[in-house]
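For reference, the structure discussed in these notes is given below.
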2 protein chains.
Amino acid sequence: MKELDYRPSKTNAQGGYAERVYEVFRKHLAQSGLRLTSQRRRILDFMLNSDRHLGQEDISQAMRPHGLGRATVFRTLKMLEECGLVNHVSDESGRRRFEVNLERPHHDHLICISCGRIQEMRWPKLEKIQEDTCRKFGFAPQWHRHEIFGLCRDCRKT
Amino acid sequence: MKELDYRPSKTNAQGGYAERVYEVFRKHLAQSGLRLTSQRRRILDFMLNSDRHLGQEDISQAMRPHGLGRATVFRTLKMLEECGLVNHVSDESGRRRFEVNLERPHHDHLICISCGRIQEMRWPKLEKIQEDTCRKFGFAPQWHRHEIFGLCRDCRKT
DNA sequence: GTGACTGCAAATCGTTTGCAAAGCT
DNA sequence: AGCTTTGCAAACGATTTGCAGTCAC
């Protein structure tokens with residue numbers, strides 16, 4: 001998975017990534033006359049410091065000790081999606097899992113139906129074919145969801 | 001979309017397709033000690049005679065005059081998915097739309113975010129690349145969801 | 001007849017919203 | 001002060017389940 005290691009990890013996040021994320025967030029907030037509150041910061045920090053695809057429940061649980069309510073988590077996630085910092089994938093039972101996506105090239109997801117692990121996968125070739133074919137049909141694609149469900153390497157063995 | 005016209009329409013369904021669907025359904029029911037009731041038949045007939053991707057609400061509404069409850073529609077759809085006769089796609093707000101899929105080659109969906117229309121699309125080349133790459137990663141794909149959201153030809157003009 | 005099936009209503013799950021209190025600026 | 005924001009609880013929409021009566025086999 002070396003080729004997917006373009007997202008700064010916790011450590012190198014301090015080297016600029018988090019700052020760039022916050023820059024975008026601040027700009028978005030300012031433009032809409034909104035505020036950067038401690039709650040929003042806490043949620044975003046938690047996401048930045050995680051390398052997993054987080055469910056709303058994961059985030060809410062982590063926020064509970066700080067007194068954050070689920071509603072705030074939902075509201076913040078929606079806001080983060082609106083300004084393009086965050087995306088979501090759905091797992092096989094339809095629950096959403098969120099990821100910070102600034103500056104990350106588009107990628108698709110391989111979702112393990114046994115352990116729930118989500119592996120990321122870049123397929124530029126595939127996206128190209130997709131775009132071209134859509135256009136041929138007169139369809140103007142805006143976004144897509146390409147989620148592949150199956151067994152990951154580890155779960156196959158079991 | 002000529003290439004997608006392999007699914008028997010209402011008229012030629014009488015020429016065998018519906019029968020084959022029922023054969024599978026009957027076998028599944030028998031194996032599990034379940035029964036072919038008028039309700040189940042009505043729902044399946046309705047789906048067979050429609051060429052659209054139907055929402056649960058479409059089906060329930062059509063069944064209401066016959067006294068069917070929503071729960072039965074849900075239960076039957078789940079059962080039809082379990083025996084592989086029916087699949088679902090989700091629209092952009094997460095609602096499910098169902099299609100009868102027996103003997104139909106796998107296809108993906110172009111979903112219009114303006115009018116909700118769903119166009120089907122076969123991409124054997126793309127599926128091949130996908131499978132191969134998954135395997136390279138040690139991932140055993142079982143099914144996937146590839147839904148592309150955008151504007152259809154008609155809605156682009158507006 | 002017996003066990004599966006149905007409709008209904010109540011329950012659940014994830015998510016959204018209304019509101020009064022609290023926080024920024 | 002005047003706005004946004006918050007937590008809570010209630011409201012929501014889609015789906016599920018429990019149950020007493022009904023029906024297919």
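Lettering of chains follows the sequences in order, A, B, ..., and the numbering in each one begins at 1.
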In terms of side-chain heavy atoms, does [X] have a donor or acceptor partner in [Y] at a distance below 3.5 Å?
{"X": "B:R52", "Y": "B:S50", "answer": "no"}
{"X": "A:S93", "Y": "A:R95", "answer": "yes"}
{"X": "A:H88", "Y": "A:R97", "answer": "no"}

Hey, what's the ring geometry for B:H146 with A:H146, parallel, tilted or perpendicular (30° and 60° as the breaks)? parallel
Starting at atom [atom1] of [X], determine the distance to atom [atom2] of [N], rounded to an integer number of angstrom.
{"X": "B:R41", "N": "D:dA24", "atom1": "CZ", "atom2": "C1'", "result": "11 Å"}
{"X": "B:D58", "N": "D:dA14", "atom1": "CG", "atom2": "C1'", "result": "14 Å"}
{"X": "B:Q39", "N": "D:dC23", "atom1": "CD", "atom2": "P", "result": "9 Å"}
{"X": "B:E57", "N": "D:dG13", "atom1": "CD", "atom2": "P", "result": "12 Å"}
{"X": "A:H28", "N": "D:dT4", "atom1": "NE2", "atom2": "P", "result": "14 Å"}
{"X": "A:I43", "N": "D:dT6", "atom1": "CD1", "atom2": "C1'", "result": "11 Å"}
{"X": "B:R97", "N": "D:dT15", "atom1": "CZ", "atom2": "P", "result": "11 Å"}
{"X": "A:E82", "N": "C:dT16", "atom1": "CD", "atom2": "P", "result": "10 Å"}

When you check the phosphate oxygens OP1 and OP2 of [N], does a side-chain N or O of [X] lie under 4.0 Å from one of them?
{"X": "B:R96", "N": "D:dA14", "value": "no"}
{"X": "B:Q56", "N": "D:dT15", "value": "yes"}
{"X": "B:R35", "N": "C:dC5", "value": "no"}
{"X": "A:T37", "N": "D:dT6", "value": "yes"}

Taking the side chain as every heavy atom from C-beta outward, state whether B:E99 and B:V86 have any atom pair closer than 4.5 Å. no
With the side chain counted from C-beta on, respond yes when B:I113 and B:L151 share a heavy-atom pair under 4.5 Å apart, and no when they do not. yes
If you take any heavy atom closer than 4.0 Å to DNA chain D, which residues from residues 64-80 of chain A end up in contact? A:G67, A:L68, A:G69, A:A71, A:T72, A:R75
Judged by nearest nucleotide, the residue sitting upstream toward the 5' end of DNA chain D, A:L34 or B:L36, is A:L34
Residue from B:Q119, B:R145, B:H144 passing side chain to side chain donor-acceptor pair (under 3.5 Å) with B:D108: B:H144
If you take atom types as modelled and just measure distance, does the side chain of B:R40 reach the base of C:dC5 with a donor-acceptor pair under 3.5 Å? no
